Asker: 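Quick one: the structure is below, and I'll ask about it shortly.
Worth knowing before you read on, the calculation uses all heavy atoms, side chains too, and leaves out hydrogens, waters and symmetry mates. All figures in this text were calculated on a predicted structure; none of them were measured in a lab.
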Amino acid sequence: MHWMMWIFWGFFGALFVGSYIVDKLTKKKYSLGKADKSLNQSTAEADARRQATRNNHESGMF
């Protein structure tokens, strides 16, 4: 059972050390903040909003 603890905590330790190394090598290029959208994503979002307002039946004639 002792070896299972080493595997469990070793996995998280390796994950932490690996992420630290990647962070240093990429000079914090990747962040968890909101990423800039590509033109394709912006176009798709605008089209989805247009379709949603077109199919909105809440503001009918009556």
Side-chain angles (χ1 to χ4, degrees):
M1 214 55 174
H2 186 74
W3 58 273
M4 290 179 83
M5 179 202 61
W6 282 105
I7 291 174
F8 180 78
W9 290 113
F11 170 76
F12 287 109
L15 194 67
F16 179 75
V17 170
S19 64
Y20 180 78
I21 290 171
V22 168
D23 193 37
K24 287 296 180 184
L25 290 176
T26 58
K27 295 179 178 53
K28 298 189 179 186
K29 179 182 174 185
Y30 303 104
S31 65
L32 295 176
K34 190 173 183 181
D36 293 335
K37 292 183 179 178
S38 68
L39 181 61
N40 192 25
Q41 287 173 318
S42 299
T43 305
E45 184 179 353
D47 188 48
R49 289 180 193 268
R50 232 182 342 264
Q51 290 293 332
T53 56
R54 184 179 298 150
N55 297 326
N56 186 3
H57 299 293
E58 291 179 5
S59 59
M61 230 164 102
F62 300 106

Asker: Mind listing the side-chain donor-acceptor pairs of residues 11-20 below 3.5 Å, one per line with the distance, residues two or more places apart or on another chain?
Answerer:
{"residue": "S19", "atom": "OG", "partner": "L15", "partner atom": "O", "Å": "3.2"}
{"residue": "S19", "atom": "OG", "partner": "F16", "partner atom": "O", "Å": "2.8"}

Asker: Checking W3 now: which residues fulfil side-chain hydrogen bond (donor to acceptor under 3.5 Å, both in side chains) with it, not counting sequence neighbours?
Answerer: none

Asker: Once side chain to side chain contact (heavy atoms under 4.5 Å, CB included) is applied, do any residues pair with N40, and if so which ones, sequence neighbours excluded?
Answerer: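 Listed in chain order: S38.
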
Asker: Go through the structure and list residues passing side chain to side chain contact (heavy atoms under 4.5 Å, CB included) with M5, not counting sequence neighbours.
Answerer: H2, W9

Asker: Give the cluster check for W6 versus M4: same hydrophobic cluster or not, with ILVMFWY residues linked at side-chain heavy-atom distances below 4.5 Å.
Answerer: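 No.
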
